[in-house]
Amino acid sequence: MLIPQPTSYASRPGGWTLTADTAVDAPAEIAALLRELLTPATGLPLPDGPGELRFTLGGAAHLGDEGYTLIVDETGVHATAASLAGLRWAVQALRQLLPVAAYATEPVPGTAWTLPYVEITDRPRYPWRGIMIDVGRWYKPMSWLYTVVDLIAMHRMNTLHLHLTEDQGWRFEVRRHPRLTSVGAWRADSPVGHEHDGLRDDVPHGGFYTQDELRDLVAYAARRGVTVVPEIDLPGHTVAAVAAYPELGNFPEVQHEVATRWGIHDRVLNCDDATVQVMREVLDELVDVFPGELIHLGGDEVPPREWLEGASGRARMAELGLTDPEDLLGWWINQLADHLRGHGRRVVVWDELVGRGVPKDALIMAWRAQDRVVAALRDGHDVVATPQSHVYLDYNESMAEGEPLSIGFGPTPLSTVYGYDPEPTDAPDNGHRVVGVQGNLWAEYLPTPARAEYNLLPRLCAVAEAGWGTRGDEAEFRRRLAAQLPRFDAMGVTYRPLD
Ligand code: ACM
C-alpha cells in the first residue's frame, strides 16, 4: 500500500524476493540511491551487474518529467522512466512495497525482503509538491533537516522550502556580513507557554547553518530528487537583521535586540540603496549555495508604519511618486528580482505582492486564502497553493484537551487537509496555472524536532496525495495511512496517532 497512491496500481498473488545475490542494472545515480536507501536496513550489497533490479532510462515519455512504470514479476523488478526524476520515484515506490523494516536505520536480519507482484504506472499531477520548514523561530539541528528530506522524498514530494530568516533568528551564514549570524542568530529568551500568557524562559536561544552544511544538505536532497528552495524573508520579518546591522533599519540611531516575541513586528528594512546592496550581497552568497532556479524572497506581513515615519521610506516614496507606502513592497522585491535574474534565477514571493508591483515572472505562494490563488492567477502568475485554511500544519489537528500547545488557529484535522483540492474552479484561461501545493510548518510553538514531527505527520501524507493528484476516498486513504505509520516508527520519527 503506497502513499501517495499511484495513478494506476495492480497487484496479483505472489512475490519476488531480494537476496544477497540480487544485482542492480541501473544508471549510476539510481544504483547508488538504491544502495543508500535499502542497504542500511536490509544489509544487501546490491552490487552493479546484469541483474534483476532493472531501472531503465528511456521510454515512458508519455508519463512526463516525473512519471515512471514499475513492474515486479517472476523475473524481478523492471522500472522505466524518461528521466532520472521518474526513476527516483520508482525507487521510493519500491521501498514502500518492501516490508516495513526497509525503513529501519539499522540492519534487520531475518527479514524476507519480498516485493509483491505489481504493475504500476504513475505520474504526478503537479510539478511542485512541497513542505515549508521554519527554522527562524526555533533553530533545528541540521540532522533533523535530513530527516525532513527523507520524509519528503519518501512521499514522492520534490521541494523543501527552507524559511531561513525571521525576526527571532537569522540562520544563513553570510560571510560578507558576519553579524547577521554572530548577532542575528541569537535571542535573549523565548516565550513560555502561549505568547499571550506573557511568560519568559530567560534562556538564550539560537544557531545557524554554515554554507558548507547547507551545501551538503542540498546535495543529499538532490540525490533523492528534492530541491531545496531557500527563503530570505524581507523587507519585513527582519528584526534580527536590523539588530545585527542597525543601519539596515529605519531608525539606525536606536539599537534593537533580536525579537523574542512572536507576531508581526513593525521593524522593517529601510529603503536606502545601501540596504538593497547588502541584501544583493546576501543573495550572491545564497545562490552560490542553492543551485535551484527559484529563490523565495518572502514579502509577507510588512507593516508600512516605519516607512511613513522614517526619512528613508518617505524619500523613496517621493522619488518614485508613490502615495501608498505599501507599494514600496513591490519596489523592494523588484530590486532584488532584477538582481537574481542576472544570476539566472527567478523569485517566489508570498501573495501580499499581488497588486503591489510584483515582478511579472514571479511565482506566487498563495497563503491567505484560496481566493488568493485565483487572484494571483488572474494577475498572470503561476501559483503554489498553500492556503492557511487547509495546509498550515502548525495549526493543531484538534483543540481537544491533551493536545500540545499550539499557535491556537485552526483546528486543521487530517480530513481538512485531505479534502483540499488546490485547483480553483474559477481559474482564468490565461496560460497561468497552479503548479503545486505545499504544507507550511511555521514553528513558533514547535521548539523541538519531535514537536515539529507531531504536527507534520501524518498530515504531510495528505498534502502529498493532493500534490500527486490521486486524492480520493478518505476511508481508503486512512487504510493506507495505517500501513504508513509503522514506517515512521521504523524511521524513529514522531507522529500524531490517528483518531
Ligand atoms: C505567512 O504565513 N506569513 C506567509
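Counting from 1, the numbers follow the sequence of the chain as shown. Ligands are counted one by one from 1 in listed order, and the atoms in each one are counted from 1 as well.
- Applying the 4.0 Å criterion to heavy atoms of Trp442 picks out, from ligand 1, the atoms 1 (C), 2 (O), 4 (C).
- Looking only at protein heavy atoms, the nearest one to atom 2 (O) of ligand 1 is Tyr392 OH, 2.6 Å.
- You'll find the ring centres of Phe251 and His256 outside the 6.0 Å limit.
- Taking any N or O of Asp300, backbone or side chain, at least one lies under 3.5 Å from an N or O belonging to ligand 1.
- Residue pairs meeting the side chain to side chain donor-acceptor pair (under 3.5 Å) criterion with at least one partner in residues 287-298, sequence neighbours excluded, are Arg215-Asp288.
- Geometrically, Arg95 engages Tyr103 in a cation-pi contact defined by less than 6.0 Å to the ring centre and at most 45° from the axis.
- At a 4.0 Å heavy-atom cut-off, ligand 1 touches Glu301 through the side chain alone.
- In this structure, CD on Gln438 lies 14.0 Å from OH on Tyr126, to the nearest 0.5 angstrom.
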